[in-house]
There are 2 protein chains.
Amino acid sequence: MSLRNAVMAVLLDGEASGYDLAKAFDASVANFWMCTPQQLYRELDRMEADDLIRARTVEQERRPNKRLFSLTPRGLEALAEFTAEPHKPTAIRDELMVAVMAADAGDVEKVKASLRERRQWAEAKIGRYERIKAKLLDGRTEEEFLTTAERVGPYLTLLRGLSFERDNVRWCARCLTVLERRGARLDASP
Amino acid sequence: MSLRNAVMAVLLDGEASGYDLAKAFDASVANFWMCTPQQLYRELDRMEADDLIRARTVEQERRPNKRLFSLTPRGLEALAEFTAEPHKPTAIRDELMVAVMAADAGDVEKVKASLRERRQWAEAKIGRYERIKAKLLDGRTEEEFLTTAERVGPYLTLLRGLSFERDNVRWCARCLTVLERRGARLDASP
DNA sequence: CCCAAATACTCAACTTGTTGACTAGGTCGC
DNA sequence: GCGACCTAGTCAACAAGTTGAGTATTTGGG
């Protein structure tokens with residue numbers, strides 16, 4: 001029921017196709033709202049039925065037609081109402097953390113491998129976010145940007161994504177150190 | 001399908017009732033795996049059917065009977081296998097971040113109120129985590145704990161929860177400052 | 001020249017997660 | 001001594017999310 005708000009928040013930047021939205025979600029919304037393309041398409045149909053978005057079919061010569069969605073006045077209103085409501089606490093699901101919690105009774109080497117992989121992923125994500133950030137700032141300093149830009153929302157959420165991933169990197173490194181040292185100790189003592 | 005792994009990770013600490021598990025989830029597992037009591041009870045029945053856990057009914061004099069669950073050898077094995085598998089990327093859902101992204105087109109004052117509330121929540125959580133941490137360390141330094149304790153998994157995940165919430169507090173504060181300044185500017189200039 | 005990847009989706013089946021109400025006794029504070 | 005909250009769950013109905021496959025065309029790399 002709440003995916004729609006995330007979709008509308010992206011549509012504030014203007015028309016987009018389902019496919020565009022899927023990419024936008026992948027690129028930057030994924031920090032705080034994950035979804036599969038299937039969910040998106042299904043939700044878009046419902047939102048159109050509820051008059052929150054309107055679709056404009058664009059016939060393309062050498063490609064399948066696409067539908068470009070944009071916010072209706074009702075949609076904009078619904079989004080504004082959503083921002084005013086109280087929000088549910090963050091819901092997280094992280095299998096790696098479950099594995100770390102159970103690492104003492106599991107395959108420590110494999111958990112370490114997963115931690116290394118996660119760290120790499122997080123580093124790659126930081127790179128992408130930095131690029132998006134540079135694009136948003138567009139040469140301005142943060143100070144300039146924050147006072148002159150029309151929208152600051154996407155920038156603020158991007159900052160959260162960045163610090164989340166930086167924290168991830170640090171945590172993975174910490175876990176690896178601890179598990180490494182323990183491995184050494186357990187090999188030596190018993 | 002993966003809630004069961006989180007349940008088994010908690011059961012490594014020993015027998016627990018469905019209710020105990022619900023509390024444990026609320027207190028510390030909630031950082032990386034959220035679930036409702038209903039989900040838990042349903043999953044516990046299935047896990048018992050799959051011989052991953054065993055239930056021992058304890059008759060209580062002045063209370064309804066309770067069932068205490070513990071890991072079976074199969075459950076322990078399944079958990080170890082899980083730790084060795086590759087893990088899905090983190091799935092997050094955070095309505096507040098959606099609201100912040102859409103704040104420019106929404107009710108900025110209400111979003112600020114939500115940010116303040118979230119910050120308070122995060123601060124309260126930090127307090128609880130610090131208390132759990134102190135209990136785990138039990139007077140030892142971190143160094144001592146990490147080399148002497150039987151399990152380090154719960155400690156490591158606790159650290160992640162702590163830094164996540166500290167980051168939350170910082171981010172909320174940052175958003176509030178930015179939205180405050182913008183409010184001032186928008187009131188003054190047009 | 002062929003294969004892979006990108007564009008732009010759709011469908012069906014299945015598994016999970018959410019909501020709200022209900023049972024039932026006990027204890028704690030005002 | 002009454003109402004609220006705690007223990008310890010259960011049930012049903014519904015909403016949401018996941019998985020896997022399928023369609024059809026075009027662009028780009030080796």
With sequence neighbours excluded, residues passing ring-ring contact (aromatic ring centres under 6.0 Å, His included) with Phe82(B): His87(B)
Length of the line joining Asp26(A):CG and dA5(C):C1', which is rounded to integer Å: 15 Å
Listed in order of residue number, which residues of residues 9-21 of chain A have a non-hydrogen atom at under 4.0 Å from DNA chain C? Ser17(A), Gly18(A), Tyr19(A)
Exceeds 12 heavy-atom contacts within 6.0 angstrom, atom CZ of Arg151(A): yes
Between P on dA8(D) and CZ on Phe25(B), what's the gap in Å once rounded to a whole number? 17 Å
Residues at least two apart in sequence or cross-chain that pass ring-ring contact (aromatic ring centres under 6.0 Å, His included) with Tyr129(B), listed by chain then number, are none
Can you measure from CG (Leu21(A)) to SG (Cys35(A)) and round to the nearest 0.5 angstrom? 9.0 Å
Tell me which residues in residues 85-94 of chain A put a heavy atom below 4.0 Å from DNA chain C, sorted by number, or none. Lys88(A), Arg93(A)
When rounded to the nearest 0.5 Å, the distance separating CD1 of Ile53(B) from OG1 of Thr72(B) is 8.0 Å
Output the rounded distance in Å from CZ (Arg56(B)) to P (dA8(D)). 13 Å
Sequence-distant partners of Phe25(B), ring-ring contact (aromatic ring centres under 6.0 Å, His included), two or more places apart: none
Using heavy atoms to find the nearest nucleotide of DNA chain D for Arg67(B) and Arg46(A) separately, return the residue whose nucleotide is more 5′. Arg67(B)
Verify the distance criterion only: is there a donor paired with an acceptor across the side chains of Arg93(A) and Ser2(B) at less than 3.5 Å? no
Taking Glu165(A) for the side chain and Leu162(A) for the main chain, is one N or O donor matched with an acceptor at less than 3.5 Å? no
Could Arg170(B) and Asp167(B) be called an ion pair, given the rule that one side-chain N must be under 4.0 Å from one carboxylate O? yes
Glu43(B) CD to dT16(C) P, in whole Å, measures 7 Å
Are any of Lys23(B)'s side-chain N or O atoms less than 4.0 Å away from OP1 or OP2 of dA8(D)? no
Rounded to the Å, how far apart are Glu95(A) CD and dT16(C) P? 12 Å
Please report the distance, rounded to the nearest Å, between NZ in Lys66(A) and C1' in dA24(D). 16 Å
Is it true that Lys66(B) and Asp20(B) have a side-chain N and a carboxylate O under 4.0 angstrom from each other? no
Check the distance between dC11(C)'s P and Arg42(A)'s CZ and give it to me in whole angstrom. 13 Å
Does anything in residues 27-40 of chain A reach DNA chain D, meaning a heavy atom under 4.0 Å, and if so which residues? Thr36(A), Gln38(A), Gln39(A)
Verify, without hydrogens or angle tests, whether Asp94(A) (side chain) and Leu96(A) (backbone) share a donor-acceptor contact under 3.5 angstrom. yes
Atom pair distance, as rounded to whole Å: OH in Tyr41(A) and P in dT18(D): 16 Å
